Amino acid sequence: MRKMLAVVSRVLTGASQKPGAASEVGRVLLASRNFANDATFDIKKCDIHRLEEGPPTTAVLTREEGLKYYKIMQTVRRMELKADQLYKQKIIRGFCHLYDGQEACCMGLEAGINPTDHVITAYRAHGFTYTRGLPVREILAELTGRRGGCAKGKGGSMHMYAKNFYGGNGIVGAQVPLGAGIALACKYNEKDEICLTLYGDGAANQGQIFEAYNMAALWKLPCIFICENNRYGMGTSVERAAASTDYYKRGDFIPGIRVDGMDVLCVREATKFAAAYCRSGKGPMLMELQTYRYHGHSMSDPGVSYRTREEIQEVRSKSDPIMLLKDRMVNNNLASIEELKEIDVEVRKEIEDAAQFATADPEPPLEELGYHIYSRDPPFEVRGANQWIKYKSVS
Amino acid sequence: MAAGLVRSGLAGCGQQVSRLLRRRFHRSAPAALQVTVRDALNQAMDEELERDEKVFLLGEEVAQYDGAYKVSRGLWKKYGDKRIIDTPISEMGFAGIAVGAAMAGLRPICEFMTFNFSMQAIDQVINSAAKTYYMSGGLQPVPIVFRGPNGASAGVAAQHSQCFAAWYGHCPGLKVVSPWSSEDAKGLIKSAIRDDNPVVVLENELMYGVPFEFPEEAQSKDFLIPIGKAKIEREGTHITLVSHSRPVGHCMEAAAILSKEGIECEVINLRTIRPMDIETIEFSVMKTNHLVTVEGGWPQFGVGAEICARIMEGTSDTPGTGQGLAGAGLYYCPGNLGVVSPA
C-alpha cells in the first residue's frame, strides 16, 4: 500500500515529464491494482506408508510468501546457471553438482521448518547453502576457491557450512548417519528441534542408511529422512539401481510419504506435516521428493547419454518449479508478470555482482595451507612436501 | 626377544660399562595405590561424564552389559539411558551418529568393541570427523573420542588382532593416543574427552587387568596428560627403545635384564602417535646413538618406520629424506595443489 502511494505521489509531482514516462504511468496503473492477499491451491495428494493420513491436499499461499519463494528459487536457479557458466570458463574447477530443476525442494523444505532446525545434505548442496542463509557471493567465491568463500576456499562445492547447516558432504550416504546424530543431539538437548537429513535416489541403496533408519526408529530420533529422487544416480536410472523404487517405503518400519518435489507448496505442506510428527516425539519420518535435475550429475556429465533431451525438455516445459509458482501467482492475482520480471532483474544483478566478486577475489594465501587442522589448539608447524618446507598451523 | 635384539645391536661396540644411578621407575608412597588400566579408564570416563553434561558414551554393550571388557562398568547404573547408550551392531551407522552428534555440539565417546571393527566405520572417522574442521575453513569442529582395544590379544586370530596406530596416525586432523600404564590411560583419555578435536584412543585388551602404581597427582579429577608429549619411562645412555602401548612393558622388562649386563636402555613411551613427539626421540638418539622401535603393528609403513624415517632425515650425516603430500590436508583451491604435492 505504501509503495503504491509513493509511486502515485511521485507521478503526481511531475516525474512523468521525464522519458520513460509511459512506464511510470504503467507502473502507477500497476500499483493501483489490488492484489489478493492470499490464495488457496489444490496440491497433489501424497502417497503414504504406515500412516493413517497424509499431509493436507490444499495449501494457502500469501502474496508475501509467494514473492519470497519466487525470489529465492529464482536466485538458486540463476546462481546454478552462473556456476555452469563459470565452470565452462574454467574459473570453477573440480566438482560442481548443480541443483537447477530441484529448487522447489530446498525452498519448500526451508519453508516448512524453523531456522533453529538443522539440515544436512550431500554434495548437490548449493541450493541449501543459500536457503540456510549464506549469501550468493560467498557461495560462488567458495566455488571459485577464493578466500572470500564461506569455507575460505578450502572446501569448495561439496563442503559449505552455515549455522545449523552441516554441508555439503562428499561421501555418498555418509551424511545420513550424521543427520541421525544431529537429531540425537536435538533430542538430547530437549529444545524441540529436528534435523532434515537428505540423500539421493542413488544413495538410498547405501547400507549405512538402513543402519541409521534402525537406530533413529529405535531411539525415536526427531529426524526426517528425505530422499530427493531425481530419477538418476549419476548415470544409472532408478530402475537399474533399486529392486524397490518406492523410496518412501524403504524405511520399512518408518512411516513415509511420497511428495511432488516440483511443487513448492506440496513440499512445504509435507515438510510441516513431517516436522510436526517428529517434534511430537513419535520418531523419524521418511519423505521421498520426486524431482528432476536439468543438468547432468556434475559438470563433467552432459546428462544426455542416459536420458533423452526430449525428457529433459518435457520436464522443463510442464513441471518447472519456478514456472509453476509463477503461473499460480499470476493466475490468482497474487502478483503480476511485470513485478516478477523486476524480481528477475534484481536477481540477475545480485548474481552478476557475486560472480564478479568470486572471479576477482584472491585465492587463499599459501601460508594458510596449514591452518584449521585442529580446533582450539596452540599453533604448531606442519611438514610440507619435504622436510625443509614448513607451514604454520593456526586453529 | 627385545633384549636379544638390543644385545645384537650393540655387539662389537666395545662399550665401557659405566654404572649410572638408575632412576627408580615408581617411587612408592607409604600407602601405594594400585589401579588397573581398566579402572583408570572407568574412573576417567566417570569423572568426565560428571563434569560435563554434553559428554556421553555409545557403543556395543557399553550400558547394560557394563562393557564388553567391563571398562564402562557401573556407568549406566549411574548415568542412565540418556548418557550411556547401547547400540545395535552397526559400526558405520553409530560412528556416523556419534560424529553427527559431535558436529551438533555434544561430546560423544564412541566405543569400538575392538578397533578391528572400526574398519567398517573408518570412513566416518576419517572423512566425516578428521577432515571436516579443515574443509570447513575452521567453522565446524568435531569434538569426538573414538576408543577401544587395539592390537593383538591372546589367541583371537588375524581378523581380531590388527594394530591401527599407523592407519589412524597417517591422517591430519586426527589425534591418536596409545596409553600404556593406568596413569597414561586416565590422563590421556581425559585430555581426549576435553579436546575439541577427533581423538582416537588405542587401548589394549591385555593391559586392562594390569595394575600400576597410581601417583597422587593421577588421583585428581583434573589430572590430564598433554596429547603430543612422550614420556621417558626409564633413562639410559646406551640405546633408545621407543614404543607405545603394551610393548612399552616389554621394553621395560628388556631394560631390566640388560641393565644386569651393564647396558642401560632409555625407554620412551610415545603415549601419543599423532602428533608425534619426535623431539624427545631425537634428543635421546643424539645421546645414545642407537635406536630400536618396538610396536604391535606390522613393520611396513608402520609407526617404527615413520620414526626411523624422521630420525634419518633429522641427523646431518644421512642422505635419506622423504617426499610426500604436505601433511596438512588437501586444499580445495586448485591453484595451490601444484605446490603441495611432490609430483
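Everything numeric here is computed off the predicted structure, so don't read it as measured data. So you know, we letter chains A, B, ... as the sequences are listed, proteins then strands, and number each from 1.
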Residue [X] excluded, over 12 heavy atoms near [atom1] under 6.0 Å:
X: A:Lys390; atom1: NZ; value: yes
X: B:Lys77; atom1: NZ; value: no
X: A:Gln89; atom1: CD; value: yes
X: A:Arg376; atom1: CZ; value: no
X: A:Lys220; atom1: NZ; value: no
X: A:Phe253; atom1: CZ; value: yes

Nearest-0.5 Å distance that lies between atom [atom1] in [X] and atom [atom2] in [Y]:
X: B:Gln140; Y: A:Tyr161; atom1: CD; atom2: OH; result: 6.5 Å
X: A:Gln387; Y: B:Arg310; atom1: CD; atom2: CZ; result: 10.5 Å
X: B:Leu139; Y: A:Phe165; atom1: CG; atom2: CZ; result: 12.0 Å
X: A:Glu211; Y: B:Met92; atom1: CD; atom2: CE; result: 7.5 Å
X: A:His372; Y: B:Tyr133; atom1: NE2; atom2: OH; result: 5.5 Å

Would you mind checking which part of [X] comes under 4.5 Å of any heavy atom in chain A, side chain (CB onward), backbone (N, CA, C, O), both or neither?
X: B:Gln120; answer: neither
X: B:Ile85; answer: side chain
X: B:Lys54; answer: backbone
X: B:Ser128; answer: side chain
X: B:Asn127; answer: side chain

Legend entry - Non-hydrogen atoms of A:Leu369 and B:Tyr134 that approach each other most closely: O-OH, 2.7 Å
Legend entry - Non-hydrogen atoms of A:Trp219 and B:Pro88 that approach each other most closely: CZ2-CD, 4.1 Å
Check whether any side-chain N or O of [X] sits under 3.5 Å from a backbone N or O of [Y] as a donor-acceptor pair, and report yes or no.
X: B:Asn197; Y: A:Ser375; result: yes
X: A:Tyr374; Y: B:Leu174; result: yes
X: A:Lys154; Y: B:Met135; result: no

Legend entry - Contact winner vs chain B - A:Leu221, A:Asn169, A:Asp377, heavy-atom pairs under 4.5 Å: A:Asp377
Inset, instruction - Could you tell me which of A:His118, A:Met160, A:His159 has the largest number of non-hydrogen atom pairs under 4.5 Å with chain B? - result: A:His159
Legend entry - Close approach to chain B in residues 125-138 of chain A, criterion heavy atom under 4.5 Å: none
Legend entry - Close contacts, residues 176-195 of chain A versus chain B, judged by heavy atoms under 4.5 Å: A:Pro177, A:Leu178, A:Ala180, A:Gly181, A:Ile182, A:Leu184, A:Ala185, A:Tyr188, A:Asn189, A:Glu190
Of the backbone (N, CA, C, O) and the side chain (C-beta and beyond), which part of [X] lies under 4.5 Å from a heavy atom of chain B, both, or neither?
X: A:Asn164; result: neither
X: A:Ser395; result: both
X: A:Leu218; result: side chain

Inset, instruction - Report yes if some heavy atom in the side chain of B:Ser90 is under 4.5 Å from a heavy atom in the side chain of A:Met215; otherwise report no. - result: yes
